[in-house]
Amino acid sequence: MARLLLSVPIAYAGTAVLLAFAYVARPALVSPVLLLLIVRQAAPLAIAVLGQSLCMRVLSLDLSIGGVILAVSYILTSGILRLPEPLLLLICVLFGAAVGAVNAFFITRIKASSVIVTLATALILSGVVFSLSQLRAPGEAPAILRYIGQTRIGIVPISPLFWLAIFLPVALFLRMSVFGRYVDAIGANPRAALISGIPYVRIVTIAHILSSILAVFSGFVLVGFVGAGSLDIGRDLPLTSLVAVILGGVTFGSGKGGSLGPAVAAFMLTFSFNLLTSLGVGEPGKLMLQGAIIALAATRRSPD
Amino acid sequence: MALSSPANALVAFRSINKSFGSTQALVDLSLQGSAGSVHAITGENGAGKSTLMNLLAGVHQPDSGEISVRGQALRLESPAQAQNAGVSTIFQELTILPNLTVAENLFLGREPHRTGIIDRSLMRRRAEQALELVKCRVDVNAYCQALSVAEQQLIEIAKGLMADADIFILDEPTAALNGPEVDTLGELIHSLKTAGKLIFYISHRLEEIFRFSEAVSVLKDGRLVGTFETHELTQDELISLMVGRPLGQLFPPRNPHPSYLGCALEVSELVTSEPEHAVSFRINRGEIVGFAGLQGQGQREIIRAVAGVGPHVGGRVKKRGPGDALQNVDLSIVAVARSGIGFIPEDRKSEGLYLSLSIEQNVALGMLRQLAMWRRAHVRKSGIDDLLLRMRVRANDQGQLVSSLSGGNQQKVMLGRWLASGVDVLLVEEPTRGVDVGAKSEIYALLREFANSGGAVLIVSSELTEILGLCDRILVVRDGEITAELDGVGTSEEEIMRYALAGSTADARKEL
Amino acid sequence: AGDDVQLLPPELLAPTTDKKTPPDKYKKAPPWTIGMVFPGVGNTWIIQMAAETKSEAARTPEIKEFIFTEANWDPTKQVANMEDMISRKVDAIIIAPIAMPLLKKQVDAALAAGIPVINLGWSKGALPSTVEVMGGGGPFGEVGGKWLRDKLGGKGTVWAFRGVAGVQEETDRYEGFKKAIAGSEITIGAEVFADWNYAKAKGLCENLVLSGKPVDGIWFSGAEMTRGCIDVFKEAGRPLVPMTGEGNNGFLRAWKESKLDSVAAVFTPELGPAALRATVAILQGKSLYDHYFSDPAPITNANLDRYYRPDLNDAFWMPSELPAAEIEKMFKK
Amino acid sequence: MPVSIMKSNRSGLRLATIALPALLFVVLSILSPAFLSVQNLSNINGQIAALLIVSLGQLVVALIGGIDLSVGAVLSLTTTIIVSVSPDFALPAALLAGIAIGLVNGIGVTVAGVHPLIMTMASMTFLQGLALLIHPVPGGTVPDYLAGLAWTSAAGVPAAFFWCVAAVTIASFLLSMTRFGLRLFAIGANQASAARNGIAVRWYSVSCYVICSVAATIAGIFISARVSSGDATVGAPFALDSITAIAMGGVQLAGGTGSVAGVVLGTITLGLLTNGMNLVGISPFLRTAATGLLLLVAISMQRRTVIGV
Ligand SMILES: Nc1ncnc2c1ncn2[C@@H]1O[C@H](COP(=O)(O)OP(=O)(O)OP(=O)(O)O)[C@@H](O)[C@H]1O
Ligand SMILES: Nc1ncnc2c1ncn2[C@@H]1O[C@H](COP(=O)(O)OP(=O)(O)OP(=O)(O)O)[C@@H](O)[C@H]1O
Ligand SMILES: [Mg+2]
Ligand SMILES: [Mg+2]
């Protein structure tokens with residue numbers, strides 16, 4: 001029983017503590033309307049985190065998320081491609097898949113460090129987008145995306161539903177399928193996985209392609225939310241998503257961790273930003289508290 | 001000789017208890033070792049031998065009880081403290097670091113130095129002396145990642161024996177060694193003993209225990225069964241003390257009149273690296289074939305190339321496919337595995353097992369092998385339980401993490417994964433490395449059963465007795481070439497050694 | 001004085017001092033190479049400013065080469081860029097320091113090497129540059145502050161939406177705002193840093209609105225954030241309170257569509273061409289004032305239609321002097 | 001480059017590590033007449049000195065398989081301390097802060113078991129806040145004696161050169177001559193094995209994080225002199241830049257592989273890239289993209305055998 005409790009990701013307890021604290025200190029924050037809004041704010045992070053967690057479960061990392069989102073924003077809003085909206089969205093998804101495939105190529109074939117590879121692709125993507133966007137100012141986001149990013153059905157915003165529609169199939173697939181078992185095996189010992197004939201290259205490639213595609217979806221929600229192109233969109237996502245994955249119970253190199261924990265952690269982080277704001281903590285104090293929360297939450301609890 | 005008189009004990013364990021979570025690894029265990037003796041510790045896999053030694057080596061601390069050295073109770077909090085107390089340990093798992101040179105590895109932790117600056121020339125000189133001692137001929141400036149497991153094990157031994165210590169722990173030092181090297185070790189141990197040191201010696205090779213030790217302590221389920229003078233025991237008595245029953249036959253009966261079911265695997269003109277020779281051989285269904293030969297003659301390279309794990313420059317491998325037709329196998333790991341060939345590596349820790357996953361997850365990965373990736377992963381728990389029972393795996397339940405199993409039980413889980421995976425060809429490196437006699441006979445029986453039901457097995461082993469007792473056919477490898485093909489029943493250790501040691505084949509050809 | 005060089009129309013830019021540069025001190029024969037050491041890119045104002053400056057340079061025949069460098073907002077990189085400009089022996093350098101004390105050593109070195117340095121910024125004496133051209137800052141913040149003070153009749157609770165913490169321009173704007181409401185009964189009920197960013201402002205504003213904090217008006221140090229807040233009020237079904245903005249087409253559109261009660265300070269991207277013209281004048285040996293400042297009359301509810309360009313997209317900033325064709329190309333919807 | 005270093009496979013040095021900066025150097029001297037001027041070379045030296053010092057610290061942490069994302073924030077914090085504390089105490093205060101941060105990072109990673117990426121990202125966030133708290137707006141005055149340390153030159157050789165030489169000498173000595181250095185390589189290859197060889201792994205790991213933080217502090221002292229001010233965000237790019245630099249230099253983040261020479265070369269490559277693009281007049285916006293491309297080229301030429309982060 002104790003072992004079971006210890007294996008529950010810190011994100012669940014952390015969320016409960018934060019909610020309880022907010023209930024006492026800022027009751028308005030835990031009203032359904034506000035909670036739903038925070039869920040909506042968390043949606044882009046939660047989508048990106050799903051991909052990041054998959055990468056981390058196969059002992060890889062994806063720091064190129066931010067670059068992909070920038071590129072998506074550019075493709076969608078710069079007006080260089082004057083195409084119908086659905087086609088534009090499809091191009092973004094294909095673009096994401098290509099970036100993921102490039103990342104995976106270097107990681108699996110060159111056996112390069114995923115930190116370095118995805119850092120490099122992020123640099124290339126943001127460098128190119130920045131230099132291209134000097135030529136044209138960003139325009140408006142496609143109407144479908146503005147609908148997803150800004151509209152609500154009743155009091156329920158659409159973007160969390162969009163997240164759920166992505167999350168459920170992916171999480172279920174990872175949990176139930178042979179693929180999911182392979183993911184755990186690679187996470188626990190990639191060399192053993194390789195030697196026992198598990199298709200290591202294919203699985204890591206799928207993980208990175210999926211991660212980049214999810215980054216594209218995350219970009220869709222962000223661009224839709226902002227309603228126009230922007231050059232500082234999704235800047236924090238690579239590092240924040242990393243934190244969320246760890247707080248969500250995925251541990252590097254052990255083959256442990258699922259999909260729900262990281263999603264809850266994404267909510268927890270977003271909620272904590274909101275809580276600190278509503279407590280009127282200034283920018284420096286906010287950063288300091290965030291740092292402290294992350295460090296404390298990531299502290300390993302099980303003695304071994 | 002007074003074996004259990006605490007008066008002249010150099011090391012004494014008193015009422016030691018140690019548990020890991022719910023596993024009680026040592027129970028109220030007391031044991032003494034005296035100076036100037038070789039004290040063997042033996043017992044089944046998971047009996048607690050390594051745990052006991054790890055307490056003395058400072059890796060773990062006892063839950064209760066006391067360890068005293070030279071009559072003084074000590075609390076050893078770290079390997080460093082144990083070293084300072086005069087304990088030198090050669091661990092069951094190798095601790096050689098691949099990115100350090102031989103010399104650096106030999107002196108890691110106690111580098112010769114002047115105020116922190118390493119005296120490299122002194123270190124090299126002393127390293128050369130140390131290697132001479134164990135008769136290991138490698139360059140002291142070579143990086144250890146280039147060395148074979150056997151060479152690494154020798155370096156590990158040299159490092160341990162060279163230490164300025166009074167107590168030496170050797171936890172399965174010979175798992176990767178063969179005859180001549182074991183002899184050298186025997187001489188070294190003897191000279192330490194005459195110098196008044198205490199040596200704790202753990203091995204599953206019973207003949208070594210009888211050759212080296214004067215006392216033997218048998219552990220079972222974390223308890224001491226007893227300490228005996230070795231020469232008063234017979235091998236069979238020792239086995240029944242360990243296993244709790246007399247062991248019937250170690251090796252399962254061979255099929256005396258082989259009528260094999262046709263070729264399972266055909267290797268033709270396989271070249272593993274540029275200057276090597278090409279090898280060709282075939283394995284039939286229902287047959288166990290072994291590679292014999294001295295350490296490092298290329299057996300490992302051949303089996304790894306066939307498995308798609310090691311490099312190959314040329315050649316072809318065909319395997320029986322559906323409808324008995326031989327089909328070409330692409331020599332990449334994934335393709336080899338998909339064609340129904342299982343490869344069981346010698347280094348289970350880094351290449352074989354998922355230590356941080358449970359037994360169930362490890363075994364299930366084998367069972368799911370035949371399914372496509374997107375299929376539902378459904379595993380029958382009872383199937384796994386049966387397997388664990390048959391292999392006599394000492395574990396609480398199938399949810400237990402593999403990292404918490406003893407070395408031998410880990411080996412069984414790794415084998416079990418492939419036996420349950422439905423492959424029909426097994427390539428096995430060192431099938432019983434670090435496995436106790438009881439489990440050994442289980443593993444042999446399982447491999448034989450696998451063969452009898454139509455499978456084909458190829459093994460590489462450094463234990464000649466294992467090759468002789470288990471294999472139907474023996475291929476002797478020397479200098480990358482198959483120099484002899486012998487019938488497992490009719491041959492002898494001497495005959496194998498003759499082919500393994502014979503002057504180079506080039507000379508032999510000249511003579512013809 | 002009639003012979004004064006006019007950098008921009010007087011209503012947009014005026015000298016703030018009588019002191020003038022000595023004529024002919026940096027006079028050089030054309031053609032010139034001019035370098036610009038800019039902090040970084042990242043928002044539409046900067047994009048347009050850079051485009052206007054480059055376009056002006058292209059239209060000036062005496063300029064052989066115009067080198068634009070940016071430091072990605074990294075102070076050490078900006079120092080390096082400035083050093084590299086001096087190494088290249090350009091004829092003049094336009095700088096926009098990330099923070100004012102930065103580049104002092106390099107400006108000294110440039111001047112010593114006979115390279116005039118025109119500062120697109122207001123160093124308040126921290127830098128010895130030849131000419132300074134700037135706008136925004138304190139007066140920008142004051143425009144909104146004064147307007148809110150009048151609107152609310154000198155009392156009430158306002159929120160302040162600030163930009164990126166630790167940036168000089170941001171602090172100046174905020175100080176201007178505080179100066180404008182000093183002495184009134186207006187209190188600041190909430191103060192947040194939303195990095196001049198729509199998404200971040202929207203999130204923070206949602207949080208403030210829904211947690212029920214009282215508000216009578218909102219001051220913004222940038223209009224992207226205003227748009228975020230307008231959307232929040234609309235989505236929450238709350239009546240809009242007076243909010244300040246700035247002269248950007250996207251904001252003007254939102255202002256017009258939402259029937260907001262607002263005022264927009266004008267921070268023109270023409271400051272870039274103005275700095276370039278100042279550089280050209282210095283190289284021609286003309287005398288300029290030491291310091292120019294842009295503090296044009298704000299856009300109000302009354303004259304909004306004069307400025308708003310429904311045919312262009314949100315990224316356009318006014319007033320602009322880009323040729324119509326280029327505006328068309330860059331900002332056409 | 002001595003052949004022995006090239007051969008040793010724990011240095012991570014490959015032909016590419018050396019060829020890349022050499023190639024850049026040749027191309028730039030052909031393309032730009034200003035490149036080879038003494039002034040420009042000394043500019044480059046000044047521009048890379050701080051990154052070199054930070055990267056050497058990053059190397060020490062990378063050798064044991066760690067990573068330190070907080071170096072940039074430490075650097076920023078140092079500059080704010082320098083301008084906020086009375087000149088007499090500025091240096092000791094900054095160094096003390098550096099040591100304390102290293103201790104916290106190291107203890108967080110080794111004792112509390114937090115993944116180094118997360119631990120140092122947490123401290124990065126915290127320290128960024130602290131720096132903004134201490135000194136919200138860039139400015140302030142740097143003590144004169146510090147300004148002198150960064151700007152004076154001796155016999156025509158700029159001060160920055162001596163900073164670099166000192167840092168490289170100390171790091172090389174530590175890593176290739178001492179027991180401490182050797183043991184770092186051992187820990188990086190396999191912590192558990194190193195511990196069984198009697199090495200106090202925790203003690204060494206914590207030391208590495210302290211060394212890294214102190215290196216960032218020293219770089220911060222240099223930077224505050226160079227930009228003549230305290231700036232709470234000045235260090236931000238150093239975290240990723242230092243990782244880029246060591247990666248170009250063949251250092252493996254998995255631990256156990258890397259060399260001072262590699263880090264020097266990696267840092268020079270990055271410095272040449274920035275300086276060269278300014279001199280040749282290539283659009284600055286492409287610099288980031290070029291860095292990324294070069295990084296991919298560099299890692300493609302240094303195939304590893306390990307799989308992992
Ligand atoms: N680190 C650990 N965590 C949990 N359980 C452990 C750990 N180490 C050992 N055990 C358990 O303690 C028991 C004794 O293990 P030990 O390694 O001492 O066996 P052994 O006698 O050395 O066996 P072998 O011959 O297989 O090496 C086993 O049941 C094992 O599962
Ligand atoms: N646990 C520890 N606590 C503090 N310092 C340590 C610790 N372990 C190692 N050190 C430091 O690391 C250095 C090397 O450690 P080591 O224990 O090998 O030194 P030593 O015992 O003095 O070596 P020798 O006995 O060979 O002269 C020491 O100088 C010491 O400062
Ligand atoms: Mg053992
Ligand atoms: Mg010592």
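A note on names: the letters A, B, ... follow the listed sequences, proteins ahead of strands, and every chain is numbered from 1. Basis for what follows: all heavy atoms, side chains included, without hydrogens, waters or symmetry-related copies.
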**Request:** Heavy-atom distances under 4.5 Å only: say whether A:Ile246 touches chain D with side chain, backbone, both or neither.
**Result:** side chain

**Fill in**
Comparing D:Leu130, D:Leu294, D:Thr291, D:Ile243 against chain A, the one with the most heavy-atom pairs below 4.5 Å turns out to be D:Leu130

**Message:** Test your reading of the model: is there a side-chain donor-acceptor pair from D:Thr79 to the backbone of D:Asp231, 3.5 Å cut-off?
**Reply:** yes

**Complete:** side-chain contact (heavy atoms from CB on, under 4.5 Å) with D:Ser70: of D:Met121, D:Met124, D:Gln128, only one passes, and it is D:Met124

**Request:** Heavy atoms only, distances under 4.5 angstrom: which of A:Leu125, A:Leu63, A:Leu287 has the most pairs with chain D? Name it, please.
**Result:** A:Leu287

**Fill in**
With D:Leu117 as partner, the option from A:Leu242, A:Leu239, A:Val243 fulfilling side-chain contact (heavy atoms from CB on, under 4.5 Å) is A:Leu242

**Request:** Given side chain to side chain contact (heavy atoms under 4.5 Å, CB included), test D:Leu253 with D:Ile246 step by step and report yes or no.
**Result:** CA-CA 9 Å; D:Leu253 296 184; D:Ile246 66 169; 4.0 Å; yes

